[in-house]
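Worth knowing before you read on, the calculation uses all heavy atoms, side chains too, and leaves out hydrogens, waters and symmetry mates.
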Amino acid sequence: MNATQISGSKEPVKGKAWLIGAGPGDVELLTLKAIRALRQVDVALIDDLVNREVLQFLRDGARVLEVGKRGGCRSTPQAFIEKQMIRFARQGLTVARIKGGDPFVFGRGGEELQALQTAGIEVEVVSGITAGIGVPAALGIPVTHRDFSHGVTLVTGHTRSNERPNWHALAHSGTTLVIYMGINALATIAEGLQAAGMPAGTPVAVVQDGTLPSQRSVVTTLDAVVDATAQARIESPAIIVVGAVAR
């Protein structure tokens, strides 16, 4: 009998898949549930932005596959990642997709969940602290505050189809805007929000490598953010916080 087949049956043994959020960077922000799940894993597919310190929680002998995804760089195709997870699970193994932040916040976790469920694989999701919440907090910026913002809007600065956001809706939402993957489009974002009516003096914070020792940040205004970010030499990965709370 091999490892993928039950005696007397031709049905393959089905393993399990985990979608694990590793948080914004600081390994101490990993959840207890994530650590427990990692200790069960046979194969881990890890994103480029995940702090490699999380690998200390894998069991001895666990296999690690690098499936990097970083803005502006060559990335592992999403379809390949999903096929690998299904392949390993069908071998009766426990496979984990370790993702920065939270799997369901700009992490393609929803796509992976659908693919795994369609393949008949058991999936469990472990939420993580998303960068849009954890990174501003590392600077002492609350994304909501009763005196300044009645809500928060999480938005990506990069879409698969390169569609432009609804700048008017964002500029007049009355919420803090937290923009992921927006550094390469920073000029377009600043121009779009101002053209839609957001005041030029609106506070903006830009944070690179949030929660890590290498964290760098700049706090400025919407009309000066492009130059200020360039002068501070802030690069991707970074979070952009727009709104009075950034002050």
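The backbone N or O of Val143 lies less than 3.5 Å from a partner atom in the side chain of Thr176, making a donor-acceptor pair. Without hydrogens or angle criteria, Asp102 side chain to Ser127 main chain gives no donor-acceptor distance under 3.5 Å. With hydrogens and angles disregarded, a donor-acceptor distance shorter than 3.5 Å links the side chain of Thr31 to the backbone of Ala34. Judged purely by atom type and a 3.5 angstrom limit, His168 has no side-chain atom pairing as donor or acceptor with the backbone of Leu193. A donor-acceptor pair is defined here as one N or O able to donate and one able to accept, closer than 3.5 Å; no such pair exists between the side chain of Asp42 and the backbone of Ala62. For Asn166 (side chain) and Ala169 (main-chain N/O), a donor-acceptor pair under 3.5 Å exists by modelled atom type.
Side-chain contacts under 4.5 Å among hydrophobic residues (ILVMFWY), followed directly or transitively, place Ile20 together with Trp18, Val27, Leu30, Ile35, Leu38, Val41, Ile46, Val50, Val54, Leu55, Phe57, Leu58, Val64, Ile98, Val126. In the hydrophobic clustering, Phe80 connects to no other residue, as no ILVMFWY side-chain heavy atoms lie under 4.5 Å from its own.
Closest approach of Pro203 to Arg247, counting heavy atoms only: CG-NH2, 3.6 Å. Across every non-hydrogen atom of Pro136 and Val241, the tightest pair is CG-CG2, 3.7 Å. Between Pro237 and Leu49, the closest heavy-atom pair is CG-CD2, 3.8 Å. The heavy-atom pair separating Val95 from Ala89 by the smallest distance is CG1-CB, 4.3 Å. Across Met85 and Ala17, no two heavy atoms sit closer than the pair CE-CB, 4.2 Å. Annotation for Pro199 and Leu222: closest pair O-CD2, 3.8 Å, computed over non-hydrogen atoms.
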May I have the step-by-step check of side chain to side chain contact (heavy atoms under 4.5 Å, CB included) for Ile239 and Tyr180, ending in yes or no? CA-CA 5 Å; Ile239 287 288; Tyr180 295 64; 3.8 Å; yes
Please report the C-alpha distance between Thr175 and Thr153 in whole Å, then the side-chain angles of each, then the deciding distance to 0.1 Å, and finally whether the side-chain hydrogen bond (donor to acceptor under 3.5 Å, both in side chains) criterion is met. CA-CA 6 Å; Thr175 67; Thr153 300; 2.7 Å; yes
Would you please test Glu124 and Leu19 for side chain to side chain contact (heavy atoms under 4.5 Å, CB included) and show each step? CA-CA 6 Å; Glu124 189 164 350; Leu19 302 179; over 6 Å; no
Quick one, Lys16 with Leu93, criterion side chain to side chain contact (heavy atoms under 4.5 Å, CB included). Give me CA distance, side-chain angles, the key distance, then yes/no. CA-CA 7 Å; Lys16 178 176 181 176; Leu93 301 175; over 6 Å; no
Kindly determine whether Thr211 and Leu29 satisfy side chain to side chain contact (heavy atoms under 4.5 Å, CB included), including the steps that lead there. CA-CA 9 Å; Thr211 77; Leu29 295 176; 4.1 Å; yes
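Here the CD1-CG distance, from Ile121 to Leu113, works out to 12.0 Å after rounding to the nearest 0.5 Å. Asp60 contributes atom CG, which lies 11.5 Å from atom CZ of Arg39 (distance to the nearest 0.5 angstrom). Glu191 CD to Asp223 CG: the interatomic distance, rounded to the nearest 0.5 Å, is 12.0 Å.
The closest side-chain heavy-atom distance from Val155 to Val178 is not below 4.5 Å. Within the 4.5 Å cutoff, the side chain of Gln84 has heavy atoms near those of the Arg87 side chain. By the 4.5 Å heavy-atom criterion applied to side chains, Leu186 and Val225 are counted as neighbours. Contact annotation: the side chain of Met198 never approaches that of His172 to less than 4.5 Å [non-hydrogen atoms, C-beta and beyond].
Salt-bridge check for Arg216 with Glu235: failed, with every basic side-chain N at 4.0 Å or more from each acidic carboxylate O. A salt bridge is absent between Glu82 and Arg97; no separation between the charged side-chain nitrogens and carboxylate oxygens falls under 4.0 Å.
The closest side-chain donor-acceptor pair between Gln117 and Glu122, if any, does not fall under 3.5 angstrom.
Annotation: side-chain contact (heavy atoms from CB on, under 4.5 Å) contacts of Ala238 (sequence neighbours excluded): Ile183, Val206, Gln208, Ile234.
Enclosure of atom CD in Gln56 by more than 12 non-hydrogen atoms of other residues, nucleotides or ligands within 6.0 angstrom is indicated. Crowding of Arg233 atom CZ: a count of heavy atoms from other residues, nucleotides or ligands under 6.0 Å not exceeding 12.
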